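To start, the structure under review is shown below, and the notes come after it.
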Amino acid sequence: MASSLDYAEYVMDQLTGVGVLRARKMFGEYMVYLNEKPVVLVCDNICYVKKHPIIDEIMSDAECGCPYHGAKEHYILDIDHSSEARRIVSLLETVTDYPKKKKSVKG
């Protein structure tokens, strides 16, 4: 089941106030960017964040799962607890790199 645009917008509403947010549709799912850095993966209307030492303690009781077949295990972010979700994505944004620009292919 693919994620819905309504759910991606709900995720961004819950994260309001942490910075500039946008969602990009990818293969029927969404990536939520904070200040142009990919921080939340929305798959099947579930929010996933990468496992990282900066959030390990906060997320120690969180469920884990794989957002798609072949993916590494991620933490499942409880987006309904918006203050904690904002704290987590703000921390992740500080250690997340900007996506690399794709080189254009000239023929």
Side-chain angles (χ1 to χ4, degrees):
M1 172 179 110
S3 296
S4 68
L5 176 59
D6 287 342
Y7 188 75
E9 289 173 347
Y10 171 72
V11 170
M12 290 191 299
D13 286 345
Q14 292 295 94
L15 298 174
T16 297
V18 296
V20 178
L21 295 162
R22 73 177 175 96
R24 180 176 175 209
K25 190 169 188 170
M26 299 183 333
F27 309 107
E29 306 298 350
Y30 290 88
M31 177 62 74
V32 176
Y33 293 80
L34 170 57
N35 299 327
E36 295 304 315
K37 295 179 179 181
V39 292
V40 179
L41 184 57
V42 180
C43 295
D44 295 328
N45 289 343
I46 298 171
C47 295
Y48 296 90
V49 292
K50 284 188 177 181
K51 288 188 168 188
H52 193 281
I54 200 165
I55 61 169
D56 283 346
E57 189 175 324
I58 300 168
M59 300 292 287
S60 64
D61 293 332
E63 286 185 59
C64 296
C66 295
Y68 53 89
H69 180 71
K72 291 181 180 178
E73 189 174 69
H74 285 57
Y75 290 121
I76 296 175
L77 180 66
D78 185 354
I79 198 65
D80 294 326
H81 291 93
S82 60
S83 61
E84 185 171 290
R86 286 192 299 268
R87 179 178 170 211
I88 290 164
V89 298
S90 293
L91 286 168
L92 282 173
E93 190 266 343
T94 66
V95 296
T96 301
D97 293 329
Y98 290 101
K100 291 183 175 29
K101 299 283 183 185
K102 293 185 180 177
K103 295 178 182 178
S104 61
V105 178
K106 295 183 180 180

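Remember, it's a predicted structure, so these values are computed and weren't measured experimentally.
- Note that CD of Glu84 is 4.5 Å distant from CD1 of Ile88, once rounded to the nearest 0.5 Å.
- Taking hydrophobic clusters as Ile, Leu, Val, Met, Phe, Trp and Tyr residues chained together by side-chain heavy-atom distances below 4.5 Å, Leu41 does not share a cluster with Tyr7.
- Here the straight-line distance linking atom OG of Ser4 with atom CD of Glu29 works out to 10.0 Å at 0.5 Å rounding.
- Put simply, the side chain of Leu15 reaches to within 4.5 Å of the side chain of Ile79, judged on heavy atoms.
- Residue Ala62 comes nearest to Ile76 through the heavy atom pair CB-O, 4.0 Å, listed as atom of the first residue, atom of the second, then distance.
- Residues meeting the salt bridge (Lys or Arg N to Asp or Glu O under 4.0 Å) test with Lys51, sequence neighbours left out: Glu73.
- Val20 and Val32 are not part of a single hydrophobic cluster, where members link through side-chain heavy atoms under 4.5 Å apart.
- Taking OH of Tyr68 as the start and CE of Met26 as the end, the distance is 8.0 Å to the nearest 0.5 Å.
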If you look only at distance, which donor and acceptor atoms sit under 3.5 Å apart when one is on a side chain in residues 54-61 and the other is two or more places apart or in another chain?
from	atom 1	to	atom 2	distance (Å)
Asp56	OD1	Tyr75	OH	2.6
Ser60	OG	Glu57	O	3.2

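- Taking both residues in full, the closest heavy atoms of Lys25 and Gly28 are given as CE-CA, 3.9 Å, listed atom of the first, atom of the second, then distance.
- Interatomic distance, His74 NE2 to Cys64 SG, rounded to the nearest 0.5 Å: 10.5 Å.
- With contacts defined as side-chain heavy-atom distances shorter than 4.5 Å, the pair Val18/Glu93 does not qualify.
- Here the NE2-OG1 distance, from His52 to Thr96, works out to 7.0 Å after rounding to the nearest 0.5 Å.
- Between Pro67 and Cys43, the shortest heavy-atom contact is O-CB, 3.5 Å.
- Within the 4.5 Å cutoff, no side-chain heavy atoms of Val40 are placed close to those of Tyr30.
- Put simply, the side chain of Asn45 never gets that close to the backbone of Ser3: no donor and acceptor are under 3.5 Å apart.
- At most 12 non-hydrogen atoms from other residues, nucleotides or ligands lie less than 6.0 angstrom from NE2 of His81.
- The 12-atom threshold is exceeded at NZ of Lys37, counting heavy atoms of other residues, nucleotides or ligands nearer than 6.0 Å.
- In terms of hydrophobic clustering, with Ile, Leu, Val, Met, Phe, Trp and Tyr side chains grouped at heavy-atom distances under 4.5 Å, Leu21 and Val95 are assigned to a common cluster.
- Connection of Met12 to Val39 is established within a shared hydrophobic cluster, with ILVMFWY side chains joined at heavy-atom distances below 4.5 Å, either directly or through further cluster members.
- Under the salt bridge (Lys or Arg N to Asp or Glu O under 4.0 Å) criterion, Arg22 pairs with Glu36, not counting sequence neighbours.
- The same ILVMFWY cluster, assembled from side-chain heavy atoms under 4.5 Å apart, contains both Val42 and Tyr10.
- Residue Cys66 comes nearest to Tyr48 through the heavy atom pair O-OH, 3.8 Å, listed as atom of the first residue, atom of the second, then distance.
- Taking the side chain as every heavy atom from C-beta outward, Leu77 and Val89 approach each other to under 4.5 Å.
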